[in-house]
Amino acid sequence: MNDLTHHLKKRILLVDGDNRVRTLLRNYLEKENFIVDEAASGIQAIREYYVHGNFDLIVLDYELPDMSGLEICKYVKDSGDVPVVILSARAEEGDRIEGFQAGADDYVVKPFSPREVLLRIQSIVARMTGTHISHVNDSSSNEILISGILIQPSARRIRVQGNEIHLTPKEYDLLYFLATNPEKVFSREELLREVWKWPVKETCDGRTVDTHIKRLREKLTFHSAEGNEFIQTLWGHGYMFRCLEQSLS
């Protein structure tokens with residue numbers, strides 16, 4: 001194994017009550033040089049999460065033998081920024097909405113193609129680390145500075161007052177979209193369609209957007225006294241990125 005492969009090796013927690021599902025996905029993931037830990041229940045998953053605490057991504061079954069995977073997803077999102085991919089036999093729109101409201105970064109319906117799951121995982125990890133080949137370029141040519149927030153699209157990195165803000169893929173996408181369309185109001189439905197790529201004909205539940213906005217504000221506020229003012233709520237209309245200073249470049 002060369003140094004680059006070792007550097008890019010990521011650790012995944014695979015949580016599913018079905019041993020066949022875990023074995024199938026584990027084989028695919030390990031062939032792509034992921035380190036895989038397993039859990040067959042919610043309690044075991046929480047124990048693994050506490051013991052290791054350094055997972056780069058969690059693959060999580062919606063229905064575990066002892067608890068709902070959504071409970072674990074909420075717990076993980078409340079305690080850190082680890083991306084979560086939910087696997088579920090529930091394909092209804094309402095179930096998918098609940099998954100995203102719980103903080104899931106992706107939702108895959110069973111039965112699934114293991115290759116598709118692998119590609120989704122690779123995509124999320126690439127966005128989190130900025131290692132995807134198509135993103136490698138001279139970041140100095142496309143950096144955006146607005147209201148003290150530095151956005152580096154080539155690495156999908158956000159800095160506030162020099163400090164890097166660790167965002168989930170969807171949090172980054174949401175902040176990037178709002179910040180690159182400053183002083184423009186977007187409804188929850190528009191954000192779901194622009195950022196989440198929600199089908200136009202489907203009914204949208206805005207609570208998914210509200211949850212991500214809340215987390216973004218919390219992370220921005222941690223590094224800036226004005227962090228709670230960047231994203232404004234216009235009641236009855238939606239959200240807007242406010243230019244606290246005209247520094248877009």
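Everything quoted here is computed from the prediction, not taken from an experiment.
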- Query: What's the spacing between D56 CG and I35 CD1 if we round to 0.5 Å?
  - Reply: 8.5 Å
- Message: Would a single hydrophobic cluster contain both Y50 and V82, if residues Ile, Leu, Val, Met, Phe, Trp and Tyr are joined by side-chain heavy-atom contacts under 4.5 Å?
- Response: yes
- Query: Does the distance from a Lys or Arg side-chain N to an Asp or Glu carboxylate O, for R242 and E183, drop under 4.0 Å?
  - Reply: no
- Note on the structure: Rounded to the nearest 0.5 angstrom, the CG-OG1 distance for L174 and T208 is 11.5 Å
- What are the two closest heavy atoms between K170 and V195, and how far apart are they? CE-O, 3.7 Å
- Common cluster, L192/M240, ILVMFWY with side-chain heavy-atom separation under 4.5 Å: no
- Item | Residues which pass ring-ring contact (aromatic ring centres under 6.0 Å, His included) with F186, listed by chain and number, not counting sequence neighbours | F177
- Check whether any side-chain heavy atom of I12 lies under 4.5 Å from a side-chain heavy atom of L25, and answer yes or no. no
- Message: For E98, give me all partners under side-chain hydrogen bond (donor to acceptor under 3.5 Å, both in side chains), at least two apart in sequence or on another chain.
- Response: Y62
- Item | Residue pair H166 / K219, side-chain heavy-atom distance below 4.5 Å | no
- Does the side chain of T233 pick up a donor-acceptor pair with the side chain of Y239 at under 3.5 Å? no
- Item | Pairwise side-chain contact, F100 with C73, heavy-atom cut-off 4.5 Å (strictly under) | no
- OH of Y172 to CZ of R157, rounded to nearest 0.5 Å, is 10.0 Å
- When L150, N163, L167 are each screened for side-chain contact (heavy atoms from CB on, under 4.5 Å) with I158, the one that passes is L167
- First locate atom CG of L70, then atom CG of D95, and finally report the distance between them rounded to the nearest 0.5 Å. 8.5 Å
- Message: Assigning hydrophobic clusters by single linkage (Ile, Leu, Val, Met, Phe, Trp, Tyr; side-chain heavy-atom cutoff under 4.5 Å), is V84 placed with I43?
- Response: yes
Considering only distance and modelled atom types, tabulate donor-acceptor pairs under 3.5 Å from the side chains of residues 108-119, sequence neighbours left out.
unit_1	atom_1	unit_2	atom_2	d
K110	NZ	D16	OD2	3.0
K110	NZ	D61	OD1	3.1
S113	OG	R115	N	3.3
S113	OG	E116	N	3.3
E116	OE2	R120	NE	2.9
E116	OE2	R120	NH2	2.7

- Query: Which atoms form the tightest heavy-atom contact between Y107 and R90, and what is the distance?
  - Reply: OH-O, 2.8 Å
- L24 CG to R22 CZ distance, which is reported to the nearest 0.5 Å: 12.0 Å
- Task: Please work out which of the three classes, parallel, tilted or perpendicular, describes the rings of W196 and H212, given edges at 30° and 60°.
- Result: perpendicular
- Item | Worked check of side-chain contact (heavy atoms from CB on, under 4.5 Å) between T168 and K77 | CA-CA 10 Å; T168 66; K77 291 299 182 176; 3.5 Å; yes
- Separation of R159 CZ from Q152 CD (nearest 0.5 Å): 5.5 Å
- Message: So that I can tick it off, tell me whether R193 and E189 are bridged by a salt bridge, with the cut-off set at under 4.0 angstrom between side-chain N and carboxylate O.
- Response: no
